[in-house]
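Any value given below was found using the heavy atoms of this structure, including those in side chains, with hydrogens, waters and symmetry copies removed.
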Amino acid sequence: MNILFVIDNLEFKYFEFNKLVTSFWLIAGFIKRGYCVDIVTKDKLYLDFNIPMGLTYKTNFVNNDLIKAENYEKTNLNNYDVIFFRPDPPVDNDFINATYVLDYLDKKTLVLNSPQSLRNANEKLFINNFPKIIPQNIVTADDKLIREFLYEKKEIIIKPLNCCFSKGVFYLNDKDKNIHTIIDMATNSGKTMVMVQEFLPDIKQGDKRLVYIDGEIFEECVGKIHGEDDFKFNTHSDEFFKKGEITPEERKIAEYIKPKMEEEGLYIAGLDVINGKVIEINVTSPCFFIKEVNQIFGINFEDKILDKLENLIKRKIN
């Protein structure tokens with residue numbers, strides 16, 4: 001089986017076995033299982049008339065390190081059985097244009113996740129497809145609507161729609177002395193929509209990252225803890241992780257979201273959950289925190305993930 005990973009430019013530049021990066025665990029794991037794995041960045045995808053192409057690099061796993069070839073090859077993307085499209089947000093014009101190239105693939109090549117759905121499934125907005133399991137929210141650029149929601153809920157979270165790693169996320173309460181300034185900054189003076197969620201007090205105990213693959217949520221998960229100077233997790237360091245326990249309520253989430261996820265071709269996701277409430281569904285390049293799960297649970301989590309991915313790929317391409 002031939003596999004291609006579309007990764008970020010920064011990950012490409014420092015292409016060593018970085019245990020913080022989920023893609024590298026997966027690439028290394030697939031190589032160990034005997035598969036051929038190439039890499040490319042989204043800006044190196046292109047169309048030759050109507051043939052999707054890429055300036056791709058072969059990879060190998062030597063002495064516990066991932067290595068890549070020094071020179072690229074011009075490769076017809078139809079030669080791959082599966083393509084993992086994993087650039088990080090923002091889902092901007094460059095991201096979207098790369099997905100357009102993948103639209104020209106033959107149907108026999110599986111793309112995880114669907115490029116069409118990655119254009120449509122905003123990681124903040126998409127949760128509103130599942131109203132039973134999410135916090136109340138509004139999506140707007142209007143100052144008055146945000147204020148009304150704030151005064152009703154007393155505490156809110158304001159999120160940009162197109163960022164990752166908690167960039168631009170604000171906590172706001174109705175007693176704050178900077179309400180106007182924060183709303184004005186977050187909405188670009190009323191020009192840019194944001195998601196405004198009710199504040200969930202249980203965030204004080206941290207949120208959990210649930211790993212979702214092909215209709216299943218894994219039992220192993222991590223709790224992400226905030227530091228003393230913030231209300232949310234924002235530092236990828238061991239001290240801010242703890243063992244996560246899946247509740248019976250959270251186990252049912254997979255069954256609830258699976259039909260819509262499968263309909264959209266979104267087979268791989270990372271769900272951020274606070275006490276059973278899903279606050280985000282990460283579908284672009286979800287981090288599975290494999291290093292942290294391995295340390296906390298004493299397992300090789302990547303093997304369980306790869307088993308599930310292999311079964312998914314074989315089911316979809318056969």
Pair [X]-[Y], side-chain donor/acceptor within less than 3.5 Å:
{"X": "N76", "Y": "N78", "value": "yes"}
{"X": "E302", "Y": "N294", "value": "yes"}
{"X": "D43", "Y": "T41", "value": "yes"}
{"X": "Q116", "Y": "Y100", "value": "no"}
{"X": "D214", "Y": "N311", "value": "no"}

Would one find more than 12 heavy atoms of other residues, nucleotides or ligands at under 6.0 Å from atom [atom1] of [X]?
{"X": "E219", "atom1": "CD", "answer": "yes"}
{"X": "N50", "atom1": "CG", "answer": "yes"}
{"X": "K44", "atom1": "NZ", "answer": "no"}
{"X": "K108", "atom1": "NZ", "answer": "yes"}
{"X": "K68", "atom1": "NZ", "answer": "yes"}
{"X": "K260", "atom1": "NZ", "answer": "yes"}

Which heavy-atom pair separates [X] from [Y] by the least distance, and what is that distance?
{"X": "M185", "Y": "F170", "answer": "SD-CZ, 3.8 Å"}
{"X": "L118", "Y": "V91", "answer": "O-CG1, 4.1 Å"}
{"X": "D38", "Y": "Y80", "answer": "OD2-OH, 2.6 Å"}
{"X": "I96", "Y": "T99", "answer": "O-OG1, 2.6 Å"}

**Test log, rule salt bridge (Lys or Arg N to Asp or Glu O under 4.0 Å), inputs K258 and E216** = CA-CA 8 Å; K258 180 180 178 179; E216 177 186 347; over 6 Å; no
Close side-chain approach of [X] to [Y], heavy-atom, < 4.5 Å:
{"X": "V82", "Y": "L112", "answer": "yes"}
{"X": "Y267", "Y": "M261", "answer": "no"}
{"X": "M195", "Y": "I127", "answer": "yes"}
{"X": "T187", "Y": "I146", "answer": "yes"}
{"X": "H180", "Y": "N178", "answer": "no"}
{"X": "I83", "Y": "V6", "answer": "yes"}
{"X": "D176", "Y": "L150", "answer": "no"}
{"X": "L306", "Y": "Y35", "answer": "no"}

**Request:** Start with the C-alpha distance between E250 and I217, add both sets of side-chain angles, then the distance that settles side chain to side chain contact (heavy atoms under 4.5 Å, CB included), and finish with yes or no.
**Result:** CA-CA 9 Å; E250 289 163 352; I217 288 176; over 6 Å; no
**Item:** side-chain contact (heavy atoms from CB on, under 4.5 Å) partner of I39, chosen from Y57, Y72, F84
**Value:**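 Of the listed residues Y57, Y72, F84, the side-chain contact (heavy atoms from CB on, under 4.5 Å) partner of I39 is Y57.
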**Asked** For the side-chain contact (heavy atoms from CB on, under 4.5 Å) test, which of T59, L26, L4, N2 pairs with V37?
**Response**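 Option passing the side-chain contact (heavy atoms from CB on, under 4.5 Å) with V37: T59.
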[X]-[Y] co-clustered via ILVMFWY side chain contacts under 4.5 Å:
{"X": "L55", "Y": "I27", "answer": "yes"}
{"X": "L312", "Y": "F30", "answer": "yes"}
{"X": "V40", "Y": "Y104", "answer": "yes"}

**Request:** Would you please test L47 and M53 for side chain to side chain contact (heavy atoms under 4.5 Å, CB included) and show each step?
**Result:** CA-CA 6 Å; L47 284 175; M53 302 287 293; over 6 Å; no
Hey, is the main chain of [Y] close enough, under 3.5 Å, to the side chain of [X] for a donor-acceptor pair?
{"X": "T75", "Y": "L77", "result": "no"}
{"X": "N63", "Y": "D65", "result": "no"}
{"X": "T22", "Y": "F288", "result": "yes"}
{"X": "D142", "Y": "L145", "result": "yes"}
{"X": "N122", "Y": "L125", "result": "yes"}
{"X": "S114", "Y": "S117", "result": "yes"}
{"X": "D8", "Y": "L10", "result": "no"}
{"X": "R209", "Y": "C287", "result": "yes"}

**Message:** For F85 and F95, I'd like to know if the aromatic rings sit close, meaning centre-to-centre distance below 6.0 Å.
**Reply:**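 Yes, close enough.
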**Message:** Any salt bridge linking K208 with E245? Criterion: basic side-chain nitrogen under 4.0 Å from a carboxylate oxygen.
**Reply:**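 No, this pair does not count.
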**Message:** Under a 4.0 Å threshold between the charged nitrogen and the carboxylate oxygen, would R119 count as salt-bridged to D103?
**Reply:**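 Looking at D103 and R119, the cut-off is met.
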**Prompt:** Taking the six-membered ring for Trp, are F218 and F301 parallel (under 30°), tilted (30 to 60°) or perpendicular (over 60°)?
**Reply:**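 The rings of F218 and F301 stand perpendicular, inter-plane angle above 60°.
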Anything under 3.5 Å between a donor and an acceptor, one on a side chain of residues 129-136, the other on a protein residue two or more places apart or in another chain? List them.
{"from": "N129", "atom 1": "ND2", "to": "F126", "atom 2": "O", "distance (Å)": "3.0"}
{"from": "Q136", "atom 1": "OE1", "to": "K153", "atom 2": "NZ", "distance (Å)": "2.7"}

When rounded to the nearest 0.5 angstrom, what is the spacing between [atom1] in [X] and [atom2] in [Y]?
{"X": "I67", "Y": "N60", "atom1": "CD1", "atom2": "CG", "answer": "5.0 Å"}
{"X": "I157", "Y": "N137", "atom1": "CD1", "atom2": "CG", "answer": "12.5 Å"}
{"X": "I138", "Y": "M193", "atom1": "CD1", "atom2": "CE", "answer": "10.5 Å"}
{"X": "L266", "Y": "I257", "atom1": "CG", "atom2": "CD1", "answer": "9.5 Å"}
{"X": "R33", "Y": "L309", "atom1": "CZ", "atom2": "CG", "answer": "9.0 Å"}
{"X": "L102", "Y": "N97", "atom1": "CG", "atom2": "CG", "answer": "11.5 Å"}

**Request:** Show your reasoning for whether side chain to side chain contact (heavy atoms under 4.5 Å, CB included) applies to V273 and K277.
**Result:** CA-CA 5 Å; V273 177; K277 295 285 187 180; 5.7 Å; no
**Request:** Would you sort out whether R86 and E11 count as a salt bridge (Lys or Arg N to Asp or Glu O under 4.0 Å), showing the intermediate values?
**Result:** CA-CA 11 Å; R86 290 186 53 88; E11 295 172 359; over 6 Å; no
**Prompt:** With sequence neighbours left out, what residues match F149 under ring-ring contact (aromatic ring centres under 6.0 Å, His included)?
**Reply:**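 Checked F149 against ring-ring contact (aromatic ring centres under 6.0 Å, His included); zero matches.
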Scan the side chains in residues 279-286 for donor-acceptor partners under 3.5 Å anywhere in the protein, sequence neighbours excluded, and list what turns up.
{"from": "E280", "atom 1": "OE2", "to": "K159", "atom 2": "NZ", "distance (Å)": "3.3"}
{"from": "N282", "atom 1": "ND2", "to": "G270", "atom 2": "O", "distance (Å)": "2.9"}
{"from": "N282", "atom 1": "ND2", "to": "D272", "atom 2": "OD2", "distance (Å)": "3.2"}
{"from": "T284", "atom 1": "OG1", "to": "E123", "atom 2": "OE2", "distance (Å)": "2.7"}
{"from": "S285", "atom 1": "OG", "to": "D88", "atom 2": "OD1", "distance (Å)": "2.3"}

**Message:** Between D174 and E155, does the side chain to side chain contact (heavy atoms under 4.5 Å, CB included) criterion hold? Intermediate values first, please.
**Reply:** CA-CA 6 Å; D174 62 346; E155 296 177 284; over 6 Å; no
